[in-house]
Each structure stands twice: as structure tokens, then as C-alpha cells.
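All chains are named by letter (A, B, ...) in the order of the sequence lines, taking the proteins before the strands, and each is independently numbered beginning at 1.
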Amino acid sequence: MARTYINELGLHEGKEVQLHGWLFHKRSSGKVRFLLMRDGTGVVQCVMVKGQVPDSIFDLFDTLTQESSFSVRGKVRKDDRAPGGFELDLLDIPKIYQVAEEYPITPKEHGIEFLADRRHLWLRSTRQHAIMRVRHRIIKAIRDFFDGRGFTLVDSPILTPAACEGTSTLFDTDYFDLGKAYLTQSGQLYAEASAMAMGKVYCFGPTFRAEKSKTRRHLTEFWMVEPEVAFNDLNDDMDLAEDFLEYIVQSVLKDCLPELKVLERDITKLQNVKKPLPRITYDEAVKILIDKGLPFEWGNDLGGTDETVVSEQFDRPVMVHRYPSEVKAFYMKRDPENPKVALAVDVLAPEGYGEIIGGSQREDNLDVLLARIKEHKLPQEAFEWYLDLRRFGSVPHAGFGLGVERTVGWICGLEHVRETIPFPRMIYRNTP
RNA sequence: UCCGCGAUAGCUCAAUGGUAGAGCAUGCGGCUGUUAACCGCAGGGUUGUAGGUUCGAGUCCUACUCGCGGAGCCA
């Protein structure tokens, strides 16, 4: 008999199938017994009635504990009472792979520390399962979007000789006879080199920040996708980010409605995410903050609260562009019409989820870039290869980085990014 | 690094300074349609650690450990 998966039971209505999985939960009403099996694609209730199956099978109910692994054979029956629409009238339990020890995660509530300590088991729960499916769909949308537009995936190295932006605290490691190597905080500089080779590129990989950030928006290890396009200016960059976000959100809405329902996500907020996204300047953002009575001085970066207040003025992600150059990275090009601001853009997600995209047009003039490196007191030697990009056919170019976990957190409507990645790394947790 | 909150049964939480409790989980029993099933019985505790105040401390005080949330920094 063909092996079947729970999410395909509808194709086998009235027929006998075999499933392999784990015991999610069980209930009994005396002579009617219910085994809820999960197999990674869903959960199905297997029903057995005393007298209709051999007693040797009926009594296995007592043997099976939560998360025991086993297989069942049964007949698929449509049933309106079943959450998935189908039930299995159980005929046989051909194999018990293992009777699980007492499982620590019960259907009742648990605290976050308890669950985090058992993250490897927590992933089996319905809610975490839904989040991982949405995460996967988002990552697929990211790749489909760029692949469908002629971008080439050119990944950046993870071990790097120096800080990319010179500001963040990095993890370091011994690198043979060459001294220290650092875990990357951004693939961007390498993406720029790749864009000069391939035109349109993106890199997609893990990123590391050693700052002791302790908030619901921070991880020490997170995933970032960074497109970079030769001959794009800031407006092109914003156009790309806008198309990109719309594509991601609409893809999730198309394919992950069951998961969003499990997460009790208000999807009307997601349905708004369509072009055009509002674009405001940093100056206009500052005006919003001051009008709202917040103490804010021109020249500062937007803090977490500031971002929330600004994003609350809109029903979809908002692009804030032309930040003061002082608070932005050395490689961002200044606005020729106002050198006090950089041609940078941050995209703030709605509902207080904060910055999900940071990008800019890059400085393409060799002399200006050299001056910036001096101003920021960066070791010019380490950036010689990067400066070469301005020596040999320099062109205007722009790109951005999107934080995958913050995007997942926003789309799923989660309280904390720690649930958006299978095994989160935070300052006080690197296990399991 | 700074500020705030917390730690009691396997889990989630109660307990005016005066005998440490409930629900769930576990074990046993019951129930022919259960949906976090339900009903009955039972076992289960060095109240985070170390001191202190008190006739008496889970409760008050001090220090420490661990965790949570926020600030800064950032995606």
C-alpha cells in the first residue's frame, strides 16, 4: 500500500492508506479511542472502536505516549467535525518505531524559558510549525523574486578580515597565521564588487552582530538578503524595495493562509501591502515626531519608539529616505542637492515592527570615498580592494539589505524574533 | 554597560509575617464521538543560592546567580 501524507488525505477519500508519524495527542471515551497523529504535513485524528478492531490493536492505545513514533493503516473518511476535514478509521497499527519517554511539552501553557531550553522539541508544536512554514515561504519568495528578474546569486564570505562598516562589534576567531578573522556583519561590500561583475546580484546568508542587544528585535545571528544593482540610483533602489516587499507579502497571502490562521494573524493589515508604498524624507519624519510632541532633534537616528510613531501614520510599510549623513555608513552617497543628508533609505514595517530594510545609493567617487574613510578613521589598507571598484569603471549603484527574521516576525505578527528562526542565537543563549 | 521586573510541585500559577495549595501533566479506575475532552482516587516540595531581622520568613532586609523586558546599537 502506498505511503501517504496527512495533507494529501483528500485525494484518498474512502480508500485505505498508510501513514507514518508521531502521536500528537490522544483522547478516549471508553470504547471509542482517538489517536491524533502528526506527520509534519498536518494532524489527523485516527478513530478506533472496540470490537471493530482486534483487541490487540485497540489496547495499543495504552502503550502509546505523546510523541511516540508509529505507523497506522486506515480508511479515509470525510468528516465535518474534523479540523482538517478528514479522519482516519483505524484498521491497524503495523509498526511502533519507538514509545516516547514522558514528553515535557504538554498541550497546556509553558513559559518562554522552559520552551527555549527545549527549542528542538518546541518546533514540533502547531504554532512553531506554522512559523517555520511561513519563514520558508518568505525565503522562497525572496529567491523567486530576484531569480525572476535576472539577478545572479553571488554569496559573500562569512569570515572577513575587518569590519565592513567599522561601527559594529564583531565576533572574532583565530585564523591560522593571518591573525584574527571576523564573522561578517554584512555582505554588502562584496555584493558591490559582484554587481560590478554581474550587473544585478544578491547575496543571502547569515550575519553576525556581537552587540549586547537585548530586545525583541535582535538576534546575534540572523539572515539577511542584500541585492545590489549597477547603474541604479536611490529612486531605483526604492522602486526595487517596493516591488520586493509587495511580492513577498502577496506570496505569503497566496500560499500560507492556514498558517496565518494558526497564528491568528489579522491579514487585512497584510493585504494593504501593495504599491505604491509611502515615501517620506527624514525631514518629514522629524516633523511627524515633533508634531506628536516627542523630543527629537534633527541629526539623530530614529530610535525604536520613533520608528513606531512614524510607522503608525501609515497602513503599510513606509520608506524614510535622505537621513543625516552623520548617522549613516561611510559608503553611502551624499545628496548632491544637500550634502548634509545621505541618499539612504530605511523601510519601517507597520504595527511597530521597526526597520526591516536599510539601503542606499553608494558613493562611487574615489576621492570622496577616500575622504570618508579618513573621516571615519577606518584603515584604508583594508579597503583598497573596495576602492578598486571606484578605480576601474566606477558607476552609480545602489542596494539594500532585508532582515529575514524581522520580516518573518512582522508577517506572522509575533512578539519576538526568537520564534522566527529555528535555533535562535541571543546574548544569553546559544543552546540548543 | 545602564534601568525596571521576576525565580514556589514536571509545567502554569496561588498563598495578611503564623500548618505550602490549585489546575494541568504522571499513575490507577470510569465513560461508544472526544476536540486543551470529562468524572473519581493517588503520588509528587531543601519556596534560585548564601547570609540577616524575628518567638516564627515563601512573604521583610543585604549580596550573589540565572532569566525576562526596555535603553543604547542595529536588520
Side-chain angles (χ1 to χ4, degrees), chain A residues 24-36 43-52 58 61-62 65-66 77 79-84 87 89 101-118 122 125-127 164-170 184-188 204-226 241 300-308 327-329 345-349 353-359 400-410 415-418 420-421 426-429:
Chain A
F24 192 61
H25 200 42
K26 64 179 181 180
R27 287 185 283 268
S28 163
S29 179
K31 299 203 171 60
V32 185
R33 291 178 167 180
F34 307 94
L35 291 168
L36 276 76
V43 178
V44 68
Q45 176 161 273
C46 307
V47 186
M48 52 180 177
V49 178
K50 189 169 177 66
Q52 294 177 18
F58 191 75
F61 180 90
D62 295 323
T65 54
Q66 190 184 356
R77 177 170 43 76
D79 193 315
D80 292 338
R81 290 169 294 190
E87 286 191 342
D89 285 327
E101 295 175 23
E102 190 178 329
Y103 193 64
I105 302 178
T106 69
K108 280 278 181 180
E109 289 170 35
H110 297 283
I112 191 66
E113 186 185 355
F114 181 84
L115 290 169
D117 284 342
R118 292 157 185 80
W122 188 20
S125 72
T126 308
R127 182 181 160 81
C164 291
E165 300 177 16
T167 51
S168 298
T169 316
L170 305 185
T184 187
Q185 59 166 330
S186 164
Q188 190 215 300
F204 193 2
T207 306
F208 307 87
R209 303 280 165 89
E211 285 114 351
K212 292 192 171 179
S213 296
K214 221 169 117 52
T215 84
R216 68 183 68 194
R217 302 185 305 279
H218 288 88
L219 296 168
T220 54
E221 176 181 325
F222 64 96
W223 285 67
M224 188 154 69
V225 57
E226 295 172 283
N300 293 340
D301 205 350
L302 268 52
T305 316
D306 305 322
E307 288 180 353
T308 302
V327 300
K328 288 294 181 186
V345 58
D346 283 356
V347 181
L348 309 180
Y353 281 93
E355 184 185 344
I356 51 171
I357 282 180
F400 60 80
L402 171 118
V404 170
E405 286 72 23
R406 285 192 185 171
T407 304
V408 175
W410 160 51
E415 283 292 309
H416 199 299
V417 286
R418 72 183 143 217
T420 65
I421 187 167
M426 295 176 295
I427 79 172
Y428 292 128
R429 174 177 295 282

NZ/NE/NH1/NH2 to OD/OE distance under 4.0 Å, E355(A) and R406(A): no
Nearest-angstrom distance, C1' atom, rA14(B) to rA50(B): 27 Å
Sugar-phosphate, base or nothing in reach of K212(A), heavy atoms under 4.0 Å: base
Between rC73(B) (C1') and L219(A) (CG): distance, integer Å: 15 Å
Touch class at under 4.0 angstrom, heavy-atom based, for E405(A) against every strand present: nothing
Interatomic distance where CG belongs to L402(A) and C1' belongs to rC74(B) [whole Å]: 14 Å
Touch class at under 4.0 angstrom, heavy-atom based, for R33(A) against every strand present: nothing
Span that lies between the P atom of rU26(B) and that of rU54(B), in whole angstrom: 48 Å
Sugar-phosphate, base or nothing in reach of E226(A), heavy atoms under 4.0 Å: nothing
Check: H218(A) side chain, rC74(B) base, donor-acceptor under 3.5 Å: yes
Sugar-phosphate, base or nothing in reach of R127(A), heavy atoms under 4.0 Å: nothing
Which nucleotide in rG72(B), rU12(B), rC74(B) has an atom nearest any side-chain atom of R406(A): rC74(B)
RNA chain B: 5'-proximal contact among K31(A) and E102(A) (nearest heavy atom): E102(A)
Nucleotide paired to rC24(B) in any strand shown, Watson-Crick or G-U, under 3.5 Å: rG10(B)
Per-pair stack call F222(A) and rA75(B), 5.5 Å, 30°: yes
Heavy-atom closest contact (V49(A) atom, F58(A) atom, distance): C-CE1, 3.8 Å
Contact under 4.0 Å: H416(A) side-chain N or O vs rG69(B) OP1/OP2: yes
Span that lies between the P atom of rU62(B) and that of rU53(B), in whole angstrom: 15 Å
Touch class at under 4.0 angstrom, heavy-atom based, for T207(A) against every strand present: nothing
Any donor-acceptor N/O pair under 3.5 Å between rC73(B) base and S213(A) side chain: yes
Separation of the P atoms in rA42(B) and rU49(B), to the nearest angstrom: 30 Å
Closest non-hydrogen atom pair between S28(A) and R33(A), with its separation: OG-CG, 3.8 Å
Nearest-angstrom distance, C1' atom, rG58(B) to rU46(B): 13 Å
Sugar-phosphate only, base, or nothing, as touched by F114(A) at under 4.0 Å among non-hydrogen atoms: sugar-phosphate
Sugar-phosphate only, base, or nothing, as touched by I357(A) at under 4.0 Å among non-hydrogen atoms: sugar-phosphate
Rounded distance (Å) that lies between atom C1' of rC68(B) and atom CZ of R429(A): 11 Å
Same-atom distance (C1') from rG44(B) to rA36(B), integer angstrom: 23 Å
Rounded interatomic separation in angstrom, taking CD from E101(A) and P from rG10(B): 17 Å
Shortest side-chain distance from S29(A), nucleotide among rG72(B), rA75(B), rU32(B): rU32(B)
Sugar-phosphate only, base, or nothing, as touched by R418(A) at under 4.0 Å among non-hydrogen atoms: sugar-phosphate
Nearest-angstrom distance from the residue atom CD of E113(A) to C1' of rG6(B): 11 Å
Distance in angstrom units between I427(A) CD1 and rA71(B) P, rounded: 14 Å
Spacing of the C1' atoms in rG4(B) and rC41(B) (rounded, Å): 46 Å
Residue T305(A), side-chain heavy atoms: nucleotide from rC74(B), rA36(B), rA71(B) that is nearest: rA71(B)
Gap in Å between the two C1' atoms, one belonging to rU8(B) and one to rA71(B), rounded: 32 Å
Interatomic distance where CG belongs to L36(A) and P belongs to rA36(B) [whole Å]: 10 Å
Candidates rG69(B), rG33(B), rC74(B) - which lies nearest the side chain of R216(A): rG69(B)
First encountered from the 5' end of RNA chain B, between D89(A) and P104(A): P104(A)
Counterpart base for rG69(B), defined by Watson-Crick or G-U wobble contacts under 3.5 Å: rC3(B)
Rounded distance in Å - NZ (K214(A)) to C1' (rC5(B)): 11 Å
OP1 or OP2 of rU32(B) under 4.0 Å from side-chain N/O of R27(A): no
Touch class at under 4.0 angstrom, heavy-atom based, for D301(A) against every strand present: sugar-phosphate
